[in-house]
Structure formats: structure tokens, C-alpha cells
Amino acid sequence: MANDREVLREIWDGRIPVCFQLDSSEVNGLQAPDPYYLMVPRLSYFPLVTDKVRKHFQRFIHPDMKESEMWIDFNGQPLKWHYPIGVLCDLHIPEISLPWCVTVHFDKFPESELLHCPSREAVESYFMSCIKEADVLKHRSQVVSNLQKKDHNQLWLGLQNDKFDQFWAVNRKLMEVNSEETFKYIPFRLYQGDKPFSQRLVKPINEEGQKKTLFHFLQEIYAEDACKVKVTTHGVEPPPDTPLQWMSEHLSYPDNFLHLCVAF
């Protein structure tokens, strides 16, 4: 079970200053709106933190676009709403200076690059499907199948309302190893540039029963190129000797996946 509570709390409290600017081509009239600034949780998703951003800019766009789906880009690249904000930031770390300036759009939705997000319910559905997938990998679905509807709601509301204690009161059950010392497999997703994330089955222990480190994990994925790989998560580079099981218990996002951005 995840037991380094201070680490969990530090990860939860991670914030990114973001400057939202309306695309100049979508301004209706002569007066351009001021940028809108927010400190956003790394662990959240843009659709959960941008209600005020939408309201701020709606007064400055054409009336025909007021009901349009809002989307965001950075340096011309649409930002995937179903990636946690911290992952999106880590993917663009070399290009970012703080506050992170992103562009808001209400027009020309990039159908081929983004999933539609009609409501917060879409975010909840995606989030809970990730929770379930992670538990299949960790516990063969034995934990999540025993959770009640109220537990599901508590996980979601804890994330949505940024309530650490509310979320972890339930999530700790998903991080327990019980009589075993490790998870069956480590839920993780690897990101590199603008490519789709990749994942595969990786056990947290080797054939001799010894716990793997981050470097062992990279060797398994990248073979002889493992030494060249730079891994970033939550804005930091974990040491190569960090145990993989510990990372999964303490550095996973609320969806219970390790989200690792890699570069060579």
C-alpha cells in the first residue's frame, strides 16, 4: 500500500501557472480580451478547470460560436483533454516558460486530432475506465470490482474538487498489495513527442523475484538504448535506481497509471 504520505501529498499539490489567451482570429469586434490566468492542478484535466476561462472569453467571440466546444492549443499543437495537465506540460517542457501560455479556440475543432468532450461526464467516463484498466493490470480487477458506486463517486469527486483526503480514502484500496509484495503488472503509459502513448505488460519483479528499478524497466523497453533515455514525470526526473513498484504506488496519477514522458 502507498505509505509515503508526504510524497503523495506533494504530488497532489503540484500546480502549473497557465495563461489562457483567445485566438486573435476569433475575436468578435475591435476589443481583444485580457488573458486569463489560473494555477491549475497537474493531476487534473483541462475540462475540469476551464469553466471560468470559457465564461471569460465568451463575451468576445461571435454569438454563433458561444455554444461551440472549446479547445486549446500550444504552439499550434492541439492539447489532448484526456491527457492529465501535468503530462501535457511535461511533453512540452523544453518549449515552456512559465506561466505556460496556451491559446483558446471556439472555432475549427481539429476533428482528426482531438476527441470531443461534450461534458464533464465524458471526462468522468474516461477517468473511471482508466481506473478499471489499471486495476486489471495490478489486481486482475479484484479490487475495483468490489468497490461500490459511492466509492466510484468519491474517487471522481475527490479529483474533480481537488480533495486529497476524499480521493485517497478510496484510492488507497487500489494501491494495496495485500499478501503479495508487488502488483501483477505496472500500469504505465509512455509518451514521446506528438506520438500516441504506448504501453505493454511489464512486471515489477524479475524472474529471480527481485524488484525492478526504473532503469531495469527502461532496459526492458529500450534495450541497449536505455542509458540514453531521459524520463520525466510530475516535472521531475526520477533517479534510475527508483523501484518501479514504489513509483507505481506513489507517482501514479489519479487514474492509477504512471505517465512517463521520454526523450533521447
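- Expressed to the nearest 0.5 Å, how far OG1 of Thr213 lies from CG of Asp241 amounts to 7.0 Å.
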Worked verdict on Cys130 versus Arg189 for side-chain contact (heavy atoms from CB on, under 4.5 Å):
CA-CA 11 Å; Cys130 291; Arg189 288 174 176 171; 3.7 Å; yes

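- Taking the six-membered ring where tryptophan is involved, the planes of Phe127 and Tyr45 are perpendicular, since the angle between them exceeds 60° and thus also 30°.
- In this structure, Tyr222 and Phe264 have perpendicular ring planes: the angle between them is above 60°, well past the 30° mark.
- In summary, the aromatic rings of His234 and Tyr253 are positioned with their centroids under 6.0 Å apart.
- One finds the CD atom of Gln154 at 13.0 Å from the NZ atom of Lys149 (value rounded to the nearest 0.5 Å).
- Between the Ser125 side chain and the Glu121 main chain, no donor and acceptor come within less than 3.5 Å of each other.
- Using cut-offs of 30° and 60° for the angle between ring planes, the His56 and Phe60 rings count as tilted.
- Val231 and Val236 fall into different hydrophobic clusters, defined by Ile, Leu, Val, Met, Phe, Trp and Tyr side-chain heavy atoms under 4.5 Å apart, directly or through other members.
- With a 4.5 Å cut-off on side-chain heavy atoms, Leu190 and Phe217 count as touching.
- Checking side-chain atoms of Arg120 against main-chain N and O of Leu48 turns up a donor-acceptor pair under 3.5 Å.
- Note: Phe109 and His116 meet the aromatic proximity criterion, with ring centroids under 6.0 Å apart.
- Ring pair His139/Phe183: centre-to-centre distance below 6.0 Å.
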Please lay out, stage by stage, how Lys184 and Val136 fare under the test side-chain contact (heavy atoms from CB on, under 4.5 Å).
CA-CA 9 Å; Lys184 172 94 173 146; Val136 169; over 6 Å; no

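- Here the shortest heavy-atom pairing between Thr232 and Asp90 reads CG2-CG, 3.8 Å.
- In terms of modelled atom types and a separation under 3.5 Å, the side chain of Trp71 and the main chain of Asp107 share a donor-acceptor contact.
- No more than 12 heavy-atom neighbours from other residues, nucleotides or ligands sit within 6.0 angstrom of NZ on Lys108.
- Transitive grouping of hydrophobic side chains (ILVMFWY, heavy atoms separated by less than 4.5 Å) brings Leu244 and Trp246 into a common cluster.
- Using a 4.5 Å heavy-atom cutoff, the side chains of Pro33 and Arg59 are not in contact.
- The shortest distance between side-chain heavy atoms of Leu43 and Asp162 does not fall below 4.5 Å.
- Using a distance-only test at 3.5 Å, with no hydrogens or angles considered, a donor-acceptor pair links the side chain of Lys66 to the main chain of Gln58.
- Nearest heavy-atom pair across Tyr126 and Ser129 is O-OG, 2.6 Å.
- Salt bridge status for Asp194 with Lys80: absent, with no side-chain N to carboxylate O gap under 4.0 Å.
- For the pair Lys173 and Asp135, the salt-bridge criterion is not met [side-chain N within less than 4.0 Å of a carboxylate O].
- A donor-acceptor pair is defined here as one N or O able to donate and one able to accept, closer than 3.5 Å; such a pair exists between the side chain of Thr233 and the backbone of His259.
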Take Ile72 and Phe20 through the test side-chain contact (heavy atoms from CB on, under 4.5 Å) and record every step on the way to the result.
CA-CA 9 Å; Ile72 301 168; Phe20 297 87; 4.0 Å; yes

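- For the pair Lys132 (side chain) and Ser141 (backbone), a donor-acceptor distance under 3.5 Å is absent.
- Remark: the backbone N or O of Glu69 is not paired with any side-chain donor or acceptor of Arg54 at under 3.5 angstrom.
- Scanning all heavy atoms of the two residues, the minimum distance from Ala134 to Pro187 falls at O-CG, 3.6 Å.
- The hydrophobic cluster containing Leu79 also contains Leu98, counting ILVMFWY residues as joined when their side-chain heavy atoms lie under 4.5 angstrom apart, directly or transitively.
- Residues Leu88 and Trp100 meet the side-chain proximity criterion, which asks for heavy atoms closer than 4.5 Å.
- Among Tyr191, Phe188, Phe257, the one residue that satisfies the ring pair (Phe, Tyr, Trp, His ring centres under 6.0 Å) test with Phe197 is Tyr191.
- A donor-acceptor pair is defined here as one N or O able to donate and one able to accept, closer than 3.5 Å; no such pair exists between the side chain of Glu26 and the backbone of Ile61.
- Counting heavy atoms from C-beta outward, Val262 and Ile221 have side chains that stay 4.5 Å or more apart.
- Minimum heavy-atom separation, Asn171 to Pro254: OD1-O, 4.3 Å.
- More than 12 heavy-atom neighbours from other residues, nucleotides or ligands sit within 6.0 angstrom of CD on Glu111.
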Would Glu95 and Gln77 satisfy side-chain hydrogen bond (donor to acceptor under 3.5 Å, both in side chains), going step by step from the backbone distance to the final call?
CA-CA 12 Å; Glu95 311 162 65; Gln77 182 175 340; over 6 Å; no

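- Taking the six-membered ring wherever Trp is involved, the centroid distance between the rings of Phe106 and Phe57 does not fall below 6.0 Å.
- When atom types are taken as modelled, the side chain of Thr242 and the backbone of Pro239 share a donor-acceptor pair closer than 3.5 angstrom.
- In this structure, Gln160 CD and Asn153 CG are separated by 10.5 Å, a value rounded to the nearest 0.5 Å.
- Within a 6.0 Å sphere centred on CD of Glu10, heavy atoms belonging to other residues, nucleotides or ligands number 12 at most.
- Heavy atoms of other residues, nucleotides or ligands lying less than 6.0 angstrom from CD of Glu207 number 12 at most.
- Other residues, nucleotides and ligands contribute at most 12 non-hydrogen atoms within 6.0 Å of the CD atom of Glu67.
- Both Trp12 and Val49 belong to a common hydrophobic cluster when Ile, Leu, Val, Met, Phe, Trp and Tyr are linked at side-chain heavy-atom distances under 4.5 angstrom.
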Would you check, one step at a time, whether the test side-chain contact (heavy atoms from CB on, under 4.5 Å) holds for Val143 with Glu176?
CA-CA 9 Å; Val143 178; Glu176 289 175 344; over 6 Å; no

